[in-house]
Amino acid sequence: MDWPSGCSLEPKNKIKTMGYEREKYFEAVKKQVGENKYTFLHSLELEACMGGIYDYLQEQGQLGSEEPGREDWLLAGLIHDIDYCKGYEETHPAKTREVLAKYGLEISDAVDRIIKAHAPERTGISPRNKAEWALFCADSLTGLINCVALIMPSKKMVEVKLSSVVKRFLKEPKFAAGTRRNEVAQCVNPEGLNIPLEKFIEICLISMQKIAPEIGL
Ligand SMILES: [Fe+2]
């Protein structure tokens, strides 16, 4: 996939966090997967989606006190593919902590579990709380939304319409065929996120549109 020129891979606005230094994790992801521009952009997009899903559920009063905090959701999105790179392909995403240790960085057990639960077939850990379901369901949706943007004449994410994404998702299974539509569609699971599919797609699209200008999409 060709990305538009002008993509600097450097979000201009630094996200402020309370509990961890986001820039350090950002730099670690950039160094580790930076050669794979797609994985890096996907990491930033999934970070944004995790924030959007958290905010929606919070507004709906659906986040229990046992849920990880918002910063854990964001961090899990940002670093979830940090071990999706040379030497670790076979074990991804089980080696997140090992890769982070190279940069002197650590994560909580909650963040580690969110990441492991986004690939249960590899880790044996299935999503349990809403943070884990959010990463699991949103992971492969960002690619489809990117593809919808890139086939538009302007190639601009901000111009992508929800109806276009929903149509491609539901009615054109060959479009962005690598999208794990069955996983995305589990957002409706009442014991998971319990978010209608169209609303879930809308949350992710809007979240990605918010950061798109910063990453040149
Ligand atoms: Fe991913």
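Just so it is clear, the structure is predicted and the values come from calculations on it, not from any experiment. Each ligand, and each atom within it, is numbered from 1 in the order the structure gives.
Ring geometry for Tyr38 versus His42: interplanar angle under 30°, hence parallel rather than tilted (30 to 60°).
Among the atoms of His118, no N, O or S atom falls under 2.8 Å of the Fe ion (ligand 1).
In this structure, Val165 is a member of the same hydrophobic cluster as Ile151, with clusters built from ILVMFWY side-chain heavy atoms closer than 4.5 Å.
Of all N, O or S atoms in Asp81, the one lying closest to the Fe ion (ligand 1) is OD2. Between the Fe ion (ligand 1) and the N, O or S atoms of Asp139, the shortest distance is to OD1.
Under the 4.0 Å criterion applied to side-chain N and carboxylate O atoms, Lys24 and Glu27 are not assigned as salt-bridge partners.
Nearest heavy-atom pair across Asp72 and Ile114 is O-CD1, 4.1 Å.
Vertex the Fe ion (ligand 1); arms to His80 NE2 and His42 NE2; angle rounded to 10 degrees, 90°.
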